[in-house]
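These numbers come from the heavy atoms of this one structure, side chains and all, not from hydrogens, waters or symmetry mates.
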Amino acid sequence: MPLKRPPAKNWPFIAIVTWGVVWAVSSMRPVFGQADDGRVLIRAKHIYSADGVWGEPGVILINDGKISFVGDSIELGLPAKEIEVDSVMPGIVNVSSSAGLSGGDAEVSREITPEFQTLSAIDFESRAFKEALDQGVTTVQVLPGTESVFAGLSCTLKTAGDPTSRVLASADQLVIAMSSDPTSRNRSRSRPDSIYVRQPTNRMGVVWIVRATLHKIAQGKALDQLDPNTGKLLEELLAGQRQVISVSRAEFDIRAALDLGKDFGFQPVIYGGDEVYRILDEFKERQGRVVYTALTATTGALRGREGTELRWNIPGKLSQAEVDFCLAGDELLDQARFATRFGLAPQQALAAITLQPAKFIGQADRIGSITVGKDADLLGLSGAPLRPTSGVEWTMVNGKTYSFSGQP
């Protein structure tokens with residue numbers, strides 16, 4: 001049967017809808033996966049890595065998503081797809097991210113929810129991953145929200161690729177919110193008609209919940225009204241089998257987290273660390289490690305998230321004190337550039353957003369530097385990475401490039 005043409009009176013409506021769809025599609029900032037045969041040769045004027053190769057021209061050969069050669073030149077025995085670029089650096093690693101979380105970033109019905117797994121709430125098609133690629137981020141550690149004292153388990157993901165192969169760690173580090181975050185919406189003196197009529201309502205309550213809970217676990221006592229997996233996870237914490245993240249920004253919260261770790265036999269990694277500069281000597285003496293996120297604040301801000309005092313030269317101070325640290329949060333390339341203005345050496349600044357965070361999440365054998373055998377997670381730029389005018393030309397994840405100019 002021949003198709004009938006829609007009535008003429010409907011054509012203006014159809015034309016408007018069609019134009020709208022075309023405009024919406026064309027206005028989106030697409031990410032194009034670049035097809036390849038598994039063999040890629042990158043010719044760069046400058047290679048900036050984090051473990052020895054710095055500012056030298058050369059070539060990088062990639063086979064099946066892995067770096068197979070880094071050097072001045074190479075004689076190819078087999079054909080390879082060639083890419084020319086001014087500068088190449090390792091893909092950025094962000095270990096304090098909420099990318100992809102949907103349907104809630106935490107289980108807020110209880111204060112103690114270490115069994116909450118961020119991986120179960122990940123939307124792999126989330127626009128946040130595309131935005132991360134836009135900034136040169138190739139790997140993220142996704143943390144649970146911090147409305148619960150024991151917040152849950154992080155996961156580590158690549159920002160692009162087949163979802164079945166993007167997960168590097170599914171139920172990884174246990175997050176404790178040693179800060180005012182779990183108290184933000186709680187109240188105690190009112191009719192119990194909300195889940196927020198509960199403890200804690202102040203920082204003292206946060207510390208008490210952590211201590212009381214771990215004390216019960218250490219004594220082998222049952223935890224009432226908790227998920228069956230909770231006890232097992234906390235037993236792993238006390239046995240030193242589970243790395244602990246403490247989200248702590250203010251000086252007294254950082255101290256409290258370190259004291260808890262000392263009392264219960266674990267060493268928490270401090271995430272946040274806004275006021276770590278106040279106890280820098282003590283922090284170093286106690287072998288503290290910090291994922292510093294305060295540089296995500298704007299230069300016009302006077303106070304941090306919890307009224308903390310911000311200082312713009314903290315990364316430089318951490319480096320001088322030989323404290324193990326990395327940078328995390330949004331706009332990490334800009335953070336590294338900013339840090340160099342206040343005393344952090346350029347190579348340390350680059351390592352602080354690549355190799356150092358990879359070490360913090362136990363993935364340095366796969367990512368974080370331009371090294372033979374590692375995943376081909378790279379970032380192509382129009383100039384030196386720490387130069388403010390240099391732009392991201394493409395991001396590569398597992399040997400596959402993603403372009404943001406609309407050109408495959």
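- Heavy-atom contacts from other residues, nucleotides or ligands closer than 6.0 Å to CG of Asp162 number more than 12.
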Pair Thr156, Val140 - check side-chain contact (heavy atoms from CB on, under 4.5 Å), show working. CA-CA 6 Å; Thr156 303; Val140 292; over 6 Å; no

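- Judged by distance alone, the side chains of Ser148 and Glu111 never bring a donor and an acceptor atom under 3.5 Å apart.
- Atoms CG and CZ, from Leu386 and Arg337 in turn, are 7.0 Å apart once rounded to the nearest 0.5 Å.
- Counting heavy atoms from C-beta on, the side chains of Leu41 and Ile74 come closer than 4.5 Å.
- Between the side chain of Thr213 and the backbone N or O of Val210, no donor-acceptor pair lies under 3.5 Å.
- A 4.5 Å side-chain heavy-atom check between Ile254 and Ile279 finds at least one atom pair inside the cut-off.
- Using a 4.5 Å heavy-atom cutoff, the side chains of Asp274 and Glu251 are not in contact.
- Taking CG of Leu133 as the start and OG1 of Thr138 as the end, the distance is 8.5 Å to the nearest 0.5 Å.
- The side-chain heavy atoms of Val88 and Tyr48, taken from C-beta on, include no pair separated by under 4.5 Å.
- Here the CG-CG distance, from Leu143 to Leu153, works out to 11.0 Å after rounding to the nearest 0.5 Å.
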Let's go through Val59 and Ile42 carefully: what are the C-alpha distance in whole Å and the side-chain angles of both, what is the deciding distance for side-chain contact (heavy atoms from CB on, under 4.5 Å) to 0.1 Å, and is it a yes or a no? CA-CA 5 Å; Val59 297; Ile42 299 174; over 6 Å; no

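- Counting only heavy atoms from C-beta outward, the side chains of Leu327 and Pro315 approach each other to under 4.5 Å.
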Decide yes or no on side-chain contact (heavy atoms from CB on, under 4.5 Å) for Phe266 and Leu237, but give the supporting numbers first. CA-CA 7 Å; Phe266 63 89; Leu237 182 158; 3.4 Å; yes

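- A salt bridge links Arg249 with Asp181: the distance from a Lys NZ or Arg NE/NH1/NH2 to an Asp or Glu carboxylate oxygen falls below 4.0 Å.
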Candidate pair Asp330 and Gln335, rule side-chain hydrogen bond (donor to acceptor under 3.5 Å, both in side chains), full reasoning: CA-CA 8 Å; Asp330 297 327; Gln335 283 195 50; over 6 Å; no

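- Of the possible polar contacts, one joining the Arg39 side chain to the Pro79 backbone as a donor-acceptor pair under 3.5 Å is found.
- Environment of CD in Gln287: sparse, with no more than 12 heavy atoms of neighbouring residues, nucleotides or ligands closer than 6.0 Å.
- If you run side-chain hydrogen bond (donor to acceptor under 3.5 Å, both in side chains) between Tyr271 and each of Gln141, Arg289, Gln173, only Gln141 comes through.
- The OG1 atom of Thr354 lies 9.5 Å from the CD1 atom of Ile367; values are rounded to the nearest 0.5 Å.
- For Ser390 (side chain) and Leu381 (main-chain N/O), no donor-acceptor pair under 3.5 Å exists by modelled atom type.
- Gln243 places a side-chain N or O within 3.5 Å of a backbone atom of Gln267 that can act as its donor or acceptor partner.
- Counting heavy-atom neighbours within 6.0 Å of Lys317 NZ, excluding the residue itself, gives a total of 12 or less.
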Verify salt bridge (Lys or Arg N to Asp or Glu O under 4.0 Å) between Arg255 and Glu282, making sure each step is shown before the conclusion. CA-CA 9 Å; Arg255 272 204 176 100; Glu282 177 185 348; 3.0 Å; yes

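- Under the 3.5 Å distance criterion, with hydrogens and angles disregarded, no donor-acceptor pair is assigned to the side chains of Gln135 and Asp334.
- Lys374 is linked by a side chain to side chain donor-acceptor pair (under 3.5 Å) to Ser369, counting only residues two or more places apart in sequence or in another chain.
- The shortest distance between side-chain heavy atoms of Phe283 and Leu258 falls below 4.5 Å.
- The CD1 atom of Ile209 lies 9.0 Å from the CZ atom of Phe150; values are rounded to the nearest 0.5 Å.
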Would Asp259 and Arg286 satisfy salt bridge (Lys or Arg N to Asp or Glu O under 4.0 Å), going step by step from the backbone distance to the final call? CA-CA 10 Å; Asp259 288 343; Arg286 299 176 70 167; 2.7 Å; yes

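- Rounding to the nearest 0.5 Å places CG of Leu295 at 9.0 Å from CZ of Phe342.
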For Asp377 and Lys158, what are the C-alpha separation, side-chain angles and deciding distance, and is it a salt bridge (Lys or Arg N to Asp or Glu O under 4.0 Å)? CA-CA 9 Å; Asp377 292 356; Lys158 293 292 184 78; 3.0 Å; yes

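- Side-chain atoms of Glu322 and Lys284, non-hydrogen and from C-beta on, do get closer than 4.5 Å to each other.
- Counting only N and O atoms by type, the side chains of Asn63 and Ser68 include a donor and acceptor under 3.5 Å apart.
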Could you walk me through whether Asp263 and Arg211 pass salt bridge (Lys or Arg N to Asp or Glu O under 4.0 Å), step by step? CA-CA 9 Å; Asp263 293 344; Arg211 282 191 175 276; 2.7 Å; yes

May I have the step-by-step check of side-chain hydrogen bond (donor to acceptor under 3.5 Å, both in side chains) for Glu115 and Thr230, ending in yes or no? CA-CA 6 Å; Glu115 72 281 353; Thr230 297; 2.7 Å; yes

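- With salt bridges taken as basic N to acidic carboxylate O contacts below 4.0 Å, none links Lys45 and Glu84.
- Distance alone, capped at 3.5 Å, is enough to place a donor-acceptor pair between the Asn94 side chain and the Gly329 backbone.
- Each of Val207, Val244, Ile270 was compared with Met178 under the side chain to side chain contact (heavy atoms under 4.5 Å, CB included) criterion, and only Val207 meets it.
- Cation-pi geometry between Arg166 and Phe129 is satisfied (NZ or CZ under 6.0 Å from the ring centre, within 45° of the ring normal).
- Annotation for Gln241: atom CD counts as buried by contact number, over 12 foreign heavy atoms lying within 6.0 Å.
- Residues Val269 and Ser246 fail the side-chain proximity criterion, which asks for heavy atoms closer than 4.5 Å.
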